[in-house]
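See structure below.
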Amino acid sequence: MRTWKKGVCTVLKTIAIPLIVWIFFEIADRAVTGMGVINTSADVKMLLRNLISSYAFAMAINANLGAGRMDLSVGSQMYVGVIFGGTLAVNFGLGGMGMLVLSMILGGLCGMLVGIIFVNFRILPMILGIGMTLVFECLSFGVNNQQGVTIYGKGGFEVLSDVTFVTGVILVLLLLATIIYEYSVYGYKLKAIQGNQGLAHNSGINIYLNCIVCYLLAGIMASLAGVFETAFKGSLPPVLGMGSNSVVFNNFFPMMLGAWIGTFSHNQTLGILMGSLSVRIMMIGMSRLHVGTTTQNIIVYVLLLLFVIFNTNKGKIAYNRLKRKRIAEAKRMRMSGAV
């Protein structure tokens, strides 16, 4: 009975944030516009397509950040994977599935390359990320006469917009990521490294191989996100001058919020899905209120800043609360002793 109650409590804590966000914007949108957050099947389709992109990319960021490395090149890895993979799929008539597979393979290879360079040359992750971003952006810019990849109007790519397929990809990603991070040997070793890297290394864990796998998974998931982002927009034009970092920062809040939610569910993968869902619902809700894209980004970044401040200082908040409680208890005992 106690185990059942504990499980129900965990589920409620996990879905609480997206549920609260949906209720808030459902009330606000209906009060202002007379329409809810989700009204038609097109709204569901848009939510799912945005969700898979946000979720996969948040997972890509977390793959390295969870181990203390901030990889700024993950956005450019997405561009290389999707533009090269998409171009090959279009030219050889491989369709949406071919684009998805090729992009993930190429993105994973880009991530693995960054990981190998990091392990062998010990360059600071952020500095390495900046350098590799510039290299990867130039590579993706030089493909297909600087046009990137366009799949709009091309036959065989409709599957990437199919609601059933997108839902299936979300569930498969959730399942595989949960197995990899929670139940595999790699996941156990990663948690040991996160706890104490030196101790993990001394216990026989190959921290360098684990690091390369982190970068590999980040590249795969970033390219997965990029494929569905391209399917949603119809094309992916190349960028230069660190422009690929915008996609990293756009998905930073879902990752941070999701990692926090994951502390309640004891499953960071599920938590990041809930964090991504919360942010996507919030964006749709603000669009219903006719809030501009720039204003939406300002609100999201302000919320990210406030969340980081809260998350960084939550230990101090708990300490001050306990300190006030001890002072109050001491005063109470002094008063009772005086009486």
Non-hydrogen side-chain atoms of [X] and [Y] separated by less than 4.5 Å:
X: Cys211; Y: Arg69; value: yes
X: Phe252; Y: Tyr301; value: no
X: Leu124; Y: Leu128; value: no

Can you hop from [X] to [Y] via hydrophobic side chains spaced under 4.5 Å?
X: Leu175; Y: Val169; answer: no
X: Met59; Y: Ile179; answer: no
X: Leu305; Y: Val279; answer: no
X: Ile130; Y: Phe141; answer: no
X: Met97; Y: Phe228; answer: yes

Donor-acceptor contact present, side-chain [X] to main-chain [Y], <3.5 Å:
X: Asn196; Y: Gly198; result: yes
X: Asn245; Y: Val248; result: no
X: Gln296; Y: Thr294; result: no
X: Ser246; Y: Gly243; result: yes
X: Thr150; Y: Ser235; result: no
X: Ser223; Y: Ile220; result: no

Requested in this report: Inspect the surroundings of CE in Met126 and state if more than 12 heavy atoms from other residues, nucleotides or ligands are less than 6.0 Å away.
Outcome: no
Query - Whether over 12 other heavy atoms sit under 6.0 Å from Lys13 NZ - result: no
Requested in this report: Check the pair Glu137 / Ser244 against side chain to side chain donor-acceptor pair (under 3.5 Å), numbers first and verdict last.
Outcome: CA-CA 8 Å; Glu137 285 181 350; Ser244 60; 2.7 Å; yes
Query raised in the report: Per the side chain to side chain donor-acceptor pair (under 3.5 Å) rule, which among Lys191, Gln268, His266 passes with Glu182?
Result: Lys191
Requested in this report: For side chain to side chain contact (heavy atoms under 4.5 Å, CB included), just list the numbers for Arg288 and Phe25, CA-CA rounded to whole Å, side-chain angles, deciding distance to a tenth of an Å, and then say yes or no.
Outcome: CA-CA 9 Å; Arg288 287 275 183 268; Phe25 280 103; over 6 Å; no
Any chance you could measure [X], atom [atom1], to [Y], atom [atom2], to the nearest 0.5 Å?
X: Leu139; Y: Leu106; atom1: CG; atom2: CG; value: 11.5 Å
X: Met282; Y: Leu303; atom1: CE; atom2: CG; value: 5.5 Å
X: Leu102; Y: Phe92; atom1: CG; atom2: CZ; value: 9.5 Å
X: Asp29; Y: Thr33; atom1: CG; atom2: OG1; value: 5.0 Å
X: Thr167; Y: Leu171; atom1: OG1; atom2: CG; value: 7.0 Å

Query raised in the report: So, Asp162 and Arg49, do they make that salt bridge, N to O below 4.0 Å?
Result: no
Query raised in the report: Between Phe310 and Phe307, what is the ring plane arrangement, given parallel below 30°, perpendicular above 60°, and tilted in between?
Result: tilted
Requested in this report: Using the six-membered ring wherever Trp is involved, compare the ring planes of Phe118 and Tyr215 and label them parallel, tilted or perpendicular (cut-offs 30° and 60°).
Outcome: tilted
Query raised in the report: Would you say the side-chain atoms of Asn50 and Glu229 include a donor-acceptor pair closer than 3.5 Å?
Result: no
